[in-house]
Amino acid sequence: MEIPRPQTGGRFVRRIADRLAGAPENASRVWEGIQLARHQERPYTLDYIARLCTDFEELHGDRLFGDDPALVCGIGRYHDEPVAIIGQQKGRDTHERTYRNFGMPSPEGYRKAMRVMALAERLEIPLVTLIDTPGAFPGAGAEQRGQGSAISHSIRTMSRLRVPTVAVIIGEGSSGGALAIGVADRVLMLENATYSVISPEGAAAILWRDAGKARLAAAAFRPTAANCYRWGVVDAVVPEPKGGAHRDPDEAARLVDGYLTRALRELRALPSGERRRLRAERFRRLGPFREIPPDAAALAAGRGEPTSARSDLPNA
Amino acid sequence: MEIPRPQTGGRFVRRIADRLAGAPENASRVWEGIQLARHQERPYTLDYIARLCTDFEELHGDRLFGDDPALVCGIGRYHDEPVAIIGQQKGRDTHERTYRNFGMPSPEGYRKAMRVMALAERLEIPLVTLIDTPGAFPGAGAEQRGQGSAISHSIRTMSRLRVPTVAVIIGEGSSGGALAIGVADRVLMLENATYSVISPEGAAAILWRDAGKARLAAAAFRPTAANCYRWGVVDAVVPEPKGGAHRDPDEAARLVDGYLTRALRELRALPSGERRRLRAERFRRLGPFREIPPDAAALAAGRGEPTSARSDLPNA
Amino acid sequence: MNRVNVSIDRLRQLAHRAEHRPARIPADERSCPRCESHYSAEEMRRNFRVCPACGHHFPAGAHDRLDQLAGPGGWTELWPGLRAADPLGFYDLKAYSDRAQDAEAQTGLGEAIVCAELEVRGRPAVAAIMDFAFMGGSMGAVVGEKLARACDHAAGRALPLLIVTASGGARMQEGVLALMQMAKSVIALDGLAEAGQPVIVVLAHPTTGGVWASFASLGDVIYAEPGALIAFSGPRVIEQTTREKLAPDFGKAELQLHNGQVDAVVDRREMPERIARVLGILHRPQRQQPPGAPGPVQWAQEGAGRAARAAQSIPGLSRRLVDRIRPGHDGDGS
Amino acid sequence: MNRVNVSIDRLRQLAHRAEHRPARIPADERSCPRCESHYSAEEMRRNFRVCPACGHHFPAGAHDRLDQLAGPGGWTELWPGLRAADPLGFYDLKAYSDRAQDAEAQTGLGEAIVCAELEVRGRPAVAAIMDFAFMGGSMGAVVGEKLARACDHAAGRALPLLIVTASGGARMQEGVLALMQMAKSVIALDGLAEAGQPVIVVLAHPTTGGVWASFASLGDVIYAEPGALIAFSGPRVIEQTTREKLAPDFGKAELQLHNGQVDAVVDRREMPERIARVLGILHRPQRQQPPGAPGPVQWAQEGAGRAARAAQSIPGLSRRLVDRIRPGHDGDGS
Ligand SMILES: [Zn+2]
Ligand SMILES: [Zn+2]
């Protein structure tokens, strides 16, 4: 059964995506894109919220342990309807960067996010997430307080929602720290944003054993919007103003607004149980693999010995 | 509409309760009961679990911050059916008392309990709670990590369950720290157990401004099983072996077993949505009040001034 | 009206006191404990009982707060006739029944909570406001019942619920039945939750014990007033039990914000604006409940019916207990 | 069978290696790194690859673990034919396709996870066992798909699911599509949750990154092997990023028990007993699914159907990508 691709974004986006996809991808092109995604004048979560919402009330605290300024959560008025918003927030100057922990959330951030997801579910208001993070915070305290379980529970909570959910990758989307708020009905991605399993620096340190090989890693990962669209990871690519979103944040927000409105309109038309089911299907489809014939597989798996030969094991 | 009293416990229990209720209550009688409820040889949660379950697996950790030995949670095999069990655990010797924090749970305890409640709900297995605590732990760290919200969320989580739930007050049931695991379909109470809004010592310190007046406070609260039954707070009084449960823990467990089995059998017969609804009704009925005629009330409320006279307030 | 003539004098007395109370501000409170500025009662009232010089938040009564929130539109009290029973015949240094009566005389309130319908800057809502002056804002069966009715009322009319808390916790004089109000209030709030209406809680000084550990910590949005003590166990209990030396800001609103327990610390003077903003964000055209759907509305009707029957069975204002615990016992009749 | 003759030599080669591998214990592991005792490979195997002297847990392969859990009853592998695609045409120091092929040759495994049906001391279950030896136990699309099928299979047969993890996290060579497997596995697990079947997770050394931050931390019961490193970020990353000096027991199973992240630290030799106990406690007569109920079972059938169609379009064992991303592109045919 072929499940039809969601049509969010329409012809225009697909045109953009195809144009980008057609362009030759070399290391330096991809690297330039990454620099745009990280540009310090690029609009951040709060910049979009200020432009998209006529009113916004930030909510604080996970009701468990603390409040995490790296993950902004709240409720806002969007096109005269309530909406819940969750997004990582980077900082522009040194002080804010420290305060926002460079947009790297701690477990408290994801737990606050889950609280706001539950709120959205209960009040039946759509959820919009804005993804912009180098990853979840790698710190001893964060580990101690269950960074892994915070992320997994956030993924689960978001995947279970019955309200319409849209994720927008506005800048850098790296690792589980990004995906934790990315399990949405529709995933949109800005033209110059990146979405990747790990930052290029991280990958280079591990795969090339040399963090300096980040450009090479970037070229290998090709974490661009065009590729993410081709792979089915995102449903639409949102064009940016010429030269990048930082050249004209208002126009960037206007463009996001258009795609977001369209996505929410489509999603509102679906019955609520249906959204959850389709979302599950969407994510279960992702990731290609091969399947070889069973007899060949059995050989390849190397299982010749009858298991009964192992009856000398102590749990026999 | 008169909602019929649940019949758990049957005629025998009501007889017991009536016998006890008929007895004159004086300070020293009530005080003796409290001493029995706190007797250090009295069977604790783990003593009951060992006798009621043929197999028990303790679960640890709230997946958030830590594990709390003051609140024991796990799954057990009870009459050849799975059951989830949650109960405060006091300690018998100094070492264990310290380890168990005298049966005073921290937020982590209640959050572990909520995890196990969710597990019971998901796997559709009944939940049994065993209440025995002087109260939730009063500590700066516990407050910092949201002792209040841990208790309120535990109450909410338990009240929402669709599986059969039975709470048994086996010893001391004091304050919100006890109620946090007490919002059950059926609440049973051992003959010499106590259930109260605060410990007698705490009440004496506040009301009489003298912690030494605990006997007086006990007499005023009358936190006995008979009274709790009369007030509708518990559904059945479980008789104890002569002289108290500590005289014959095996027999005490056998008596608990009988009542518990009967309660679970009754509850299993109900449709699952019905349990939640009846549980809500049960707790909403508790607590008598008076209602005086509206005109008299209006006078007593002292609202004469027209509120429009207040238009000088800044939010006008 | 011969049913009420027994205690009509008492009522007159109460009404008289209520009219002549000095806007309920004790004289000593007019001087700010923090900056020692002095203000007239009227200045205090106009400034929402916040010190204009240093921002210190003085205690505020339920009626003051309703006036502040509702502004010129005013408010209509709901269920003013609920009064405490005395199921335990409780006596500490004084009989509970006398205590409750004295509290009523002193505060002009029937109980530690006042429910009302109002509009906050044009946003309609149901409000449940606690008053610390009435027996330390303690939660007994009446507080539980009024909260439950407020939830049902809000659910039935598709209105949001505003709660302001100021409480030492459960009302000890009602014993274990007061403890049960924690469950009752949480369950009632959950009914409103199912109706999809938001609950905004404002924590005033102090919010402790069983109130903090039940409905107060379950608001969708939780604001705290500056300097409010928010804790399950009070500082004295903690110091006595654990011999910890607590920091001076223990449990204060500002620290609880840091601890992730509240959404914001909001100055009382900005509270109506802030609440109206949230209600505005969450506002939607009123949703229709499917006809005949079993919902919290039935609760409200049932509850009201029960209460009406109970009220009829009470001769006048006698403090005879409506013993709803023992079926078949329905008062003495008359 | 001319469809497979292209690479039959390669298969023979693999099969030969698999038969002659020395029970998959590298020579240097036979000497305990903690207490320096020496053991024969056979002794090690009989002792579940745990040092009999000091209890040190050596790495164990997926097949070893299946043998340990299943005992003499044996186990039947599920979906052995799934192989990684190379959607990015990824190349670091080596091409991904070569890496995967080498891993298969070295380990005798088709992927970093092996799924099987088995009985643990008489308790039937579906097992999904990761193997760190296959590319660091990393999670790519095949791990995600096998986990999803295992969940569906368990739900359809009303069987519990056992998972053993040993993984460095998401498989970087599959880029952002590997990241998506975190969502896929969590969603699949949730389908099983709705079917009311328990999930037991055993965390082996190491369980880190995207595996710990997805299905591994969502078991109903989570056991950890002694000394296993359990973390989202590894110690090196943390030390480099924050310049914190980590304690030597950072992220270790024993500390994670203290942190409330796992239910118990269980010796591998006791694991079958312990798991069987939990399965025994939770055992119930098999529940019937209402006929025609839309459930996870349909997932399984759909998935299998898709996979079968995909497999048909692949000529032999060539590493041509089943590009399920671009609809309409269904391989080259033959
Ligand atoms: Zn002042
Ligand atoms: Zn050794």
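For the numbers below, each heavy atom of this structure counts, side chains included, while hydrogens, waters and symmetry mates do not. The shown structure was predicted, so the numbers you read here are calculated from the model rather than taken from an experiment. Naming: A, B, ... by sequence-line order, numbering from 1 per chain.
In this structure, the side chains of L161(B) and R276(B) stay at 4.5 Å or more apart for every pair of heavy atoms. Side-chain contact between L69(D) and I129(D) is present, with heavy atoms from C-beta onward closer than 4.5 Å.
For chain B, the option among Q256(D), H258(D), R274(D) with the highest count of heavy-atom pairs below 4.5 Å is R274(D). Here R63(B) is the residue among E57(B), R63(B), E81(B) with the most heavy-atom pairs under 4.5 Å with chain D. Counting heavy-atom pairs closer than 4.5 Å to chain D, the top residue among D55(B), D67(B), V83(B) is D55(B). Note on C53(B), G66(B), C73(B), A118(B): by heavy-atom pairs under 4.5 Å with chain D, the leading option is G66(B).
For A193(D), the parts lying near chain B are the backbone and the side chain together; criterion is any non-hydrogen pair under 4.5 Å. Looking at E108(B), neither its backbone nor its side chain comes within 4.5 Å of chain D, counting heavy atoms on both sides. With a threshold of 4.5 angstrom between heavy atoms, L59(B) approaches chain D through its backbone and through its side chain. For chain D, the nearby part of R115(B) is the side chain; its heavy atoms alone come within less than 4.5 Å. F56(B) touches chain D through its backbone: at least one of N, CA, C or O sits under 4.5 Å from a heavy atom, while the side chain does not.
A side-chain donor-acceptor contact under 3.5 Å links E121(B) to the backbone of R162(B).
Summarising the local packing, CZ of R97(B) is surrounded by more than 12 heavy atoms from other residues, nucleotides or ligands at distances under 6.0 Å.
D68(B) and H60(B) form no side-chain donor-acceptor contact under 3.5 Å, judged by distance and modelled atom types alone. Between the side chains of R157(D) and Q197(D), no donor N or O sits under 3.5 Å from an acceptor N or O. At a cut-off of 3.5 Å, with distance as the only test, no side-chain donor of Y78(B) or T54(B) sits close to an acceptor on the other residue.
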